[in-house]
Amino acid sequence: MKRPKSRVSVLALAAVGLGAVAAAGLAFAARPGRNAHVPQPAKAVDIDRYAGRWFELGRYDNRFEHDCEGVTADYAKRSDGLIEVINTCHDKAPDGPTRTSRGRAKIVPGSNGAKLKVSFFGPFFVGDYWVLDHADDYAWSIVGGGSGRFLWLLSRVPAPPAAFRADLIRRAAALGYDPAAIRETRQLPP
């Protein structure tokens, strides 16, 4: 008779454990700074037009951009078919000391150029880079990834009008991102 009680106890304990894991997962997905329902990219990306310099206007905070201001991202096609990525940040102020990270990206087949796999640390550490939406003239871009933990609002100019920035935040909110969790990036005016 003790065996059935033991099995029932183990099953009850497993059910409680699974319930706790599910509740923790829901809490993690719903917390500010995370999009639980990441959309697919809205349109195709012409990499030739996407290439060049982008200025970060805002982002979800992340550990690798701690204290970064004046952030830029430069993209250039390489002769081997990959895309060179150079991210630059200025420590604590738009004119602070510079930190630079170099990486490479590969377009995900079948994504119309809108999904890339980016690596800054060799082939074993690869992250998603999804161009979720962009202006037809490539004046702005909203970038995220499949996890919903990352968001970047990018512009071709470092200090666009306030209405431009507000529209970009509104567009990110329409994609499911929490506007209150977007950290504004300070840029030097042109």
Side-chain angles (χ1 to χ4, degrees), residues 29 33-62 64-65 68 71-89 100-179 181-185 187 190:
R34 179 165 176 87
N35 186 348
H37 305 287
V38 179
Q40 291 296 308
K43 34 185 134 159
V45 173
D46 178 343
I47 294 298
D48 289 322
R49 294 184 69 197
Y50 196 82
R53 173 158 288 181
W54 290 93
F55 295 89
E56 180 184 279
L57 300 182
R59 66 176 180 265
Y60 271 4
D61 253 338
N62 58 69
F64 50 86
E65 282 186 286
C68 283
V71 179
T72 59
D74 293 285
Y75 303 96
K77 286 176 72 174
R78 297 176 8 163
S79 61
D80 62 1
L82 297 176
I83 300 161
E84 179 180 40
V85 181
I86 302 172
N87 289 340
T88 303
C89 110
T100 301
S101 298
R102 291 180 176 272
R104 61 179 181 235
K106 181 179 182 179
I107 297 171
V108 174
S111 70
N112 290 320
K115 291 183 180 180
L116 293 91
K117 291 289 187 180
V118 180
S119 175
F120 288 95
F121 307 106
F124 304 109
F125 301 101
V126 178
D128 288 333
Y129 182 100
W130 294 5
V131 181
L132 298 171
D133 201 3
H134 63 82
D136 291 338
D137 65 356
Y138 291 81
W140 58 263
S141 177
I142 298 173
V143 176
S147 71
R149 292 180 307 181
F150 301 106
L151 173 70
W152 293 275
L153 306 179
L154 306 176
S155 169
R156 292 294 191 177
V157 296
F164 180 99
R165 188 182 299 264
D167 184 56
L168 207 50
I169 291 170
R170 182 190 57 75
R171 288 174 182 275
L175 294 173
Y177 291 91
D178 179 3
I182 296 172
R183 178 206 184 278
E184 187 174 324
T185 306
Q187 295 280 356

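Side-chain atoms of R102 never come within 3.5 Å of backbone atoms of F120 as a donor-acceptor pair (strictly under, hydrogens ignored). Of the possible donor and acceptor atoms, none in the side chain of Y177 sits under 3.5 Å from a partner among the backbone N and O of I182. Checking side-chain atoms of R165 against main-chain N and O of L57 turns up a donor-acceptor pair under 3.5 Å.
Under the salt bridge (charged side-chain N to carboxylate O under 4.0 Å, His left out) criterion, D137 pairs with no residue at all, not counting sequence neighbours.
The structure places CG of D61 at 11.0 Å from CZ of F150, a figure rounded to the nearest 0.5 Å. Taking CG of D178 as the reference point, atom CG of L151 lies at 10.0 Å (rounded to 0.5 Å). E84 contributes atom CD, which lies 10.5 Å from atom OG of S79 (distance to the nearest 0.5 angstrom). Separating the CG atom in L153 from the CD1 atom in I142 is a distance of 6.0 Å, to the nearest 0.5 Å. Summarising the geometry, atom OG belonging to S111 is positioned 10.5 Å from atom NZ belonging to K117; distances are rounded to the nearest 0.5 Å.
In summary, K115 and D128 do not engage in a salt bridge, as defined by a charged side-chain N under 4.0 Å from a carboxylate O.
The heavy-atom pair separating H37 from N35 by the smallest distance is N-OD1, 3.0 Å. Shown here for E65 and W152, the closest heavy-atom pair between the two residues is OE1-NE1, 2.8 Å. Taking all atoms of both residues into account, the shortest heavy-atom contact from P179 to I169 is CB-CG2, 3.7 Å. When every heavy atom of R149 is checked against every heavy atom of Y60, the shortest pair comes out as O-CD2, 3.6 Å. A pairwise comparison of heavy atoms in L168 and L154 identifies CD2-O, 3.9 Å as the closest pair. Closest non-hydrogen pair, L175 versus P39, comes out as O-CD, 3.4 Å.
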Solution key, residues 129-136 side-chain donor-acceptor pairs under 3.5 Å, sequence neighbours excluded:
{"unit_1": "Y129", "atom_1": "OH", "unit_2": "Y50", "atom_2": "OH", "d": "2.7"}
{"unit_1": "Y129", "atom_1": "OH", "unit_2": "Y75", "atom_2": "OH", "d": "2.8"}
{"unit_1": "H134", "atom_1": "NE2", "unit_2": "A44", "atom_2": "O", "d": "2.8"}
{"unit_1": "D136", "atom_1": "OD1", "unit_2": "K43", "atom_2": "NZ", "d": "3.3"}

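Within the 4.5 Å cutoff, no side-chain heavy atoms of K106 are placed close to those of V126.
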Using the side chain to side chain contact (heavy atoms under 4.5 Å, CB included) rule, take S155 and Q187 through it: C-alpha gap first, then chi angles, then the decisive distance, then the call. CA-CA 11 Å; S155 169; Q187 295 280 356; over 6 Å; no

Apply side chain to side chain contact (heavy atoms under 4.5 Å, CB included) to I107 and I83, showing your working. CA-CA 8 Å; I107 297 171; I83 300 161; 4.0 Å; yes

Decide yes or no on side chain to side chain contact (heavy atoms under 4.5 Å, CB included) for D46 and Y138, but give the supporting numbers first. CA-CA 9 Å; D46 178 343; Y138 291 81; 3.5 Å; yes

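The side-chain tip of R156 points at the ring of W54 from less than 6.0 angstrom away and within 45° of straight on.
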